[in-house]
Amino acid sequence: MTDVDEHGNGGPVCVAFVSVLSCLLLACSYVGSLYVWRSELPRDHPAVIKRRFTSVLIVSGMSPLFVWAWREFTGIKTLPSLLAIMGIRFEGVVPAVVLPLLLTMVLFLGPLTQLAMDCPWTFMDGIRVAFDPCFWMVCFSDMRWLRNQVVAPLTEELVFRACMLPMLVPCVGPAAAILTCPLFFGVAHFHHVIELLRFRQGTPSGIFLSAVFQFSYTAVFGAYTAFILMRTGHLVGPVLCHSFCNYMGFPAISAALEHPHRHAVLSSYLLGVFLFLLFLFPFTDPAYYAPPTPLCTLTSSSSALCLPSS
């Protein structure tokens, strides 16, 4: 990273202020784009989803301009290209597709085991469905599926990780950026409170508690995908992990406690967490992804997050 004081348009405090302000404006633009359409219909109505697709795709497509404007204003020089520091590159793309998704599936070993036990399909049935074009045609014609599995993961990871991390890393370093970036993502999800109150889908206190819970797990998830982007230097991994987690949903721990084979299910939950922690750094080792990863070039100090495992 180029020295900010020497080449930038201000000292570290000024750069930090510009970076945080840019992230706030980007988050507000993303959430605000969802409400440019006036409608009395709920958020899951296909007409509402289609309109929001239009506005959120426009904002997401323009989001790299925030990073470009930030770079021009602060004077911070980025040796890799703008797209590269956002995780859009080809070097090391194959492991970037496979390893982060596999790591996330390991974490969900318990829910996956539970799903396999309760599913009436055989393994071969699942394979046949996965390769059936009609199945995918039905999926892509379902607006809710398209939102949860494609548009939301792609646009949210682009805006809240790929665009915000490059602006935060030079100010606070890789580790603090990973913890700071998800706060914008978590707060952005508070807009669901407006719709829940508007359509009276619960008591105010219940809606507030639900929002706090959602903020908590979205912030933790955001830190995880930010960690993946930082370590691998690729956007594709966080997008695939986001899509997979949206499909799985939050683990149904209460159902696991009441499952007929709860000992096996709970054991798989614990095993999944253990294996996830064991493989977290090895599976995201920058050595697999053409190091040094572009985001790590934005920091002037070495960080364990950016170094290949010895």
Side-chain angles (χ1 to χ4, degrees), residues 8-9 14-39 43 47-90 93 143 146-171 177 180-192 194-195 218 221-222 225-226 228-230 233-243 246 294-295 298:
N9 292 331
C14 178
V15 172
F17 175 78
V18 172
S19 298
V20 172
L21 181 61
S22 299
C23 290
L24 282 173
L25 288 174
L26 191 53
C28 291
S29 298
Y30 185 92
V31 175
S33 71
L34 302 175
Y35 292 94
V36 296
W37 309 97
R38 287 186 171 272
S39 176
R43 65 185 295 268
V48 174
I49 295 176
K50 288 179 182 179
R51 291 172 182 172
R52 290 184 169 184
F53 276 0
T54 302
S55 55
V56 83
L57 287 172
I58 291 173
V59 170
S60 300
M62 295 177 62
S63 60
L65 294 177
F66 282 78
V67 187
W68 175 84
W70 163 84
R71 185 180 65 176
E72 294 300 309
F73 186 85
T74 60
I76 294 177
K77 305 301 181 183
T78 55
L79 295 179
S81 67
L82 190 66
L83 290 178
I85 65 171
M86 292 172 57
I88 303 172
R89 62 191 185 113
F90 291 106
V93 69
M143 289 296 104
L146 199 59
R147 177 192 64 192
N148 296 338
Q149 308 308 134
V150 180
V151 177
L154 179 60
T155 59
E156 290 179 0
E157 293 304 319
L158 174 63
V159 170
F160 291 95
R161 248 70 71 184
C163 289
M164 291 189 183
L165 274 177
M167 295 189 286
L168 293 172
V169 167
C171 305
T180 305
C181 187
L183 299 180
F184 297 98
F185 183 58
V187 170
H189 280 74
F190 265 103
H191 75 91
H192 293 311
I194 299 173
E195 296 188 344
T218 52
F221 172 78
T225 55
I228 292 175
L229 181 56
M230 181 69 66
H234 282 276
L235 179 61
V236 64
V239 170
L240 292 175
C241 293
H242 194 147
S243 180
N246 278 0
L295 275 171
L298 297 176

**Asked** If you measure from CZ on Arg147 to CZ on Arg43, what distance do you get to the nearest 0.5 Å?
**Response** 4.5 Å
**Fill in**
Output for pair (Phe90 CZ, Leu83 CG), nearest 0.5 Å, gives 10.0 Å
**Request:** State whether the side chain of Asn148 and the backbone N or O of Asn246 hold a donor-acceptor pair below 3.5 Å, judged by distance alone.
**Result:** no
**Fill in**
Interatomic distance, SG@Cys171 vs CG@Leu298, rounded to 0.5 Å, equals 10.0 Å
**Message:** Keeping Ser22 on the side-chain end and Val18 on the backbone end, is there a donor-acceptor pair under 3.5 Å?
**Reply:** yes
**Asked** Which heavy atom of Ala177 sits nearest a heavy atom of Leu168, and at what distance?
**Response** CB-CB, 4.0 Å
**Message:** What's the separation between atom CD1 in Ile228 and atom SG in Cys241, rounded to the nearest 0.5 Å?
**Reply:** 4.0 Å
**Prompt:** Does Pro238 offer a backbone N or O that forms a donor-acceptor pair with the side chain of Thr225 under 3.5 Å?
**Reply:** no
**Message:** So which atom in Pro166 and which in Pro170 form the shortest heavy-atom distance, rounded to 0.1 Å?
**Reply:** O-CD, 3.0 Å
**Prompt:** What heavy-atom pair brings Val56 and Ser33 nearest, and what distance separates the two atoms?
**Reply:** CA-OG, 3.8 Å
**Fill in**
Value for CG (Leu154) from CG (Leu240), rounded to nearest 0.5 Å, stands at 10.0 Å
**Considering all heavy atoms, the nearest Met167-Phe66 contact** = SD-O, 4.1 Å
**Asked** With a 4.5 Å limit on heavy-atom distance, are the side chains of Trp70 and Ser19 in contact?
**Response** yes
**Item:** Approximate separation, where rounding is to 0.5 Å, of Thr218 OG1 and Leu183 CG
**Value:** 9.5 Å
**Message:** Any side-chain to backbone donor/acceptor pair from Thr155 onto Leu57? Under 3.5 Å, distance only.
**Reply:** no
**Asked** Do you know which two heavy atoms are closest between Met164 and Cys23, and how far apart they sit?
**Response** CE-O, 3.3 Å
**Derivation and outcome, side-chain contact (heavy atoms from CB on, under 4.5 Å), residues Phe53 and Leu146** = CA-CA 10 Å; Phe53 276 0; Leu146 199 59; 3.8 Å; yes
**Asked** Think Arg52 forms a cation-pi with Tyr35, using NZ or CZ under 6.0 Å from the six-ring centre and within 45 degrees of its axis?
**Response** yes
**Pairwise side-chain contact, Glu156 with Tyr30, heavy-atom cut-off 4.5 Å (strictly under)** = yes
**Request:** Could you tell me whether the side chain of Ser63 and the main chain of Ser60 form a donor-acceptor pair under 3.5 Å?
**Result:** yes
**Stepwise side-chain contact (heavy atoms from CB on, under 4.5 Å) test for Met86 and Leu235** = CA-CA 7 Å; Met86 292 172 57; Leu235 179 61; over 6 Å; no
**Request:** Could you please spell out the steps behind the side-chain contact (heavy atoms from CB on, under 4.5 Å) verdict for Glu157 and Leu229?
**Result:** CA-CA 10 Å; Glu157 293 304 319; Leu229 181 56; over 6 Å; no
**Request:** Check Ile85 against Val67 and note the closest heavy-atom contact, atom names and distance.
**Result:** CD1-CG1, 4.4 Å
